[in-house]
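For reference, positions follow the sequence shown, starting with 1.
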Amino acid sequence: MENTLKPLRDGECVLDVLSPRSTPRPTVAGGVEDVYGEDRATEDQLVTPWTFSVASGYSLLRDPQYNKGLAFTEKERDAHYLRGLLPPTVSSQQLQEKKIMHNIRQYEVPLQKYTAMMDLQERNERLFYKLLIDNVEELLPIVYTPVVGEACQKYGSIFKRPQGLYISLKEKGKILEVLKNWPERSIQVIVVTDGERILGLGDLGCQGMGIPVGKLALYTALGGVRPSACLPVTIDVGTNNEKLLNDEFYIGLRQKRATGKEYYDLLHEFMSAVKQNYGEKVLVQFEDFANHNAFELLAKYGTTHLVFNDDIQGTAAVVLAGVVAALKLIGGTLPDHKFLFLGAGEAGTGIAELIALEISKQTKAPIEESRKQIWLVDSKGLIVSSRANSLQHFKKPWAHEHEPVGTLIEAVKVIKPTVLIGSSGVGKTFTKEVVEAMTANNKIPLILALSNPTSQSECTAEEAYTWSEGRAIFASGSPFDPVEYNGKIYYSGQSNNAYIFPGFGLGLVMSGAIRVHDDMLLAASEALANQVTEESYKKGMTYPPFTDIRKISANIAANVAAKAYELGLATHLPRPENLVKYAESCMYTPLYRNYR
């Protein structure tokens, strides 16, 4: 991706940060003291429940960071003035978890489960994460895609209390002051959105806050980043969604989106304030920005800040890992295969570039040569050289010599890809004819329908297996249940960014990295692909089970940190001897702590 973004950066590279002229000034952040007793390394230590003073009595029960509900011991009830404020029984965290899970399973409407989980997070943080970690496969679709999409659509109606920072055009000139209003000072990861392209649902304006909140919950549950070190942010510059503008419950600015200089000035003030307030090593993850802004922001700040775009880079890393793992099932090496994408936006071009980078690395060929094995189809058909003058800058590297092709099915027939990848955000576009054409060209076609939520998936697992007569290897962005076809059960993989970004972020934080480099993304992909077991392969799955996600994240974090040290981008010195064990020791654990 460095190659794609360099022209937008006037030739600057991420590694240029190491030159004497741009040596970063020492700043605070990263590797901070574990004040709240959140990491595994401090599990056995006694904790003092500080807020501005020692929390006790009614205020302690209202503090989600310290509240344990009925799990406060007899000694703690005496020491912290809780007598009479709780029923007499003392419960274990395990029993609390059992009760809450029972209650959540009673709800039939997924959005009700989402609001129940958010309510729990706001009253008992550790119990929320205990549930999410122990029941990750069941609850991941609730706190994130696909249910979070519906939650964002209805965020104005279900909004109860703020879970992050809202920075609008009204705060222009005062963003540093706004950041200081957030109660935590040691922030390590910020997820920020402007709400313009939420999943496959379009412009949801200020109501896109559900995405940063959900992402950071996964940073903690899956990657072990402390919740106190996470900050969700929504940049509100208006919305072009007329339905929201006319909704009396809409919580954002009631105006059309600001664009151009006004937009970029606000973003620049935000990025400058973040660095000033939290230091060089705070990770800023851009989330669900529209294509034109996403590439511009990544190019502009990639050489000056620790930034990461999950839609471009995270998606690319997780898909590359799935493709590499799938080679054991479909045969050949990565350079042996030909790729066809439906969708040439952030996700499509990001995935294509990372695949090309890995092919280039394996073959030692220039990346321009590697790109020739990868073809993209957008809304106007196959991207070819005759369209070059009308293409956006991020599509131009994929404009190969070929006669114009107007439709996906025509492209499948003439390009004859071995791998078909959907990132279009448009559902039902991998039709029966398309899947049958892929099957006619390949003994074992690899089909990835990545668009979220489920309603926007290019095809379902059942359609892929049925139309390919059980021959396809299939993975999707949103989860699908196992499919029975001709007496055999088929299990599809979920190409979910949640495999990558939590461990990737932990690796950056624990190494004190100051920039993100493409080689770190390749390191994350390699680590994920190596976690797929023989048992998963036998089921036709190209991703490991989510039940192992914390072990997976620790290995990804270790690989990413190792690459940061190798590139000279890590500042946490000396380098830990065993990076996997160090990653595990840094991980947040949700077990209740004993209070003095």
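The backbone N or O of His400 lies less than 3.5 Å from no partner atom in the side chain of Arg371, so there is not a single donor-acceptor pair. Of the possible donor and acceptor atoms, none in the side chain of Gln285 sits under 3.5 Å from a partner among the backbone N and O of Asn309. A distance-only check finds no donor-acceptor pair linking the side chain of Gln456 to the backbone of Ser451 [under 3.5 Å]. One N or O on the side chain of Asn559 and one on the backbone of Ala523 form a donor-acceptor pair closer than 3.5 Å. Between the side chain of Gln207 and the backbone N or O of Gly156 there is at least one donor-acceptor pair closer than 3.5 Å. A donor-acceptor pair under 3.5 Å is absent between the side-chain atoms of Ser457 and the main chain of Gly427, judged by distance alone.
For Tyr543 and Tyr499, the gap between ring centers is short of 6.0 Å. Taking the centre of each ring, Phe504 and Phe501 stay at or above the 6.0 Å mark.
Under the side chain to side chain contact (heavy atoms under 4.5 Å, CB included) criterion, Asn530 pairs with Glu526, not counting sequence neighbours.
Ring planes of Phe295 and His393: perpendicular class, angle over 60° (limits at 30 and 60°).
How far CG of Leu342 is from OG1 of Thr429: 4.5 Å, rounded to the nearest 0.5 Å.
Counting only residues at least two apart or in different chains, side-chain hydrogen bond (donor to acceptor under 3.5 Å, both in side chains) contacts with residues 232-243 comprise Asp203-Thr239, Glu242-Lys256. The list of salt bridge (charged side-chain N to carboxylate O under 4.0 Å, His left out) pairs with a residue in residues 457-480, not counting sequence neighbours, reads Lys428-Glu463.
In summary, the side chains of Ser168 and Glu171 do present a donor paired with an acceptor at a separation below 3.5 Å, with no hydrogens or angles considered.
With contacts defined as side-chain heavy-atom distances shorter than 4.5 Å, the pair Ile211/Ile198 qualifies.
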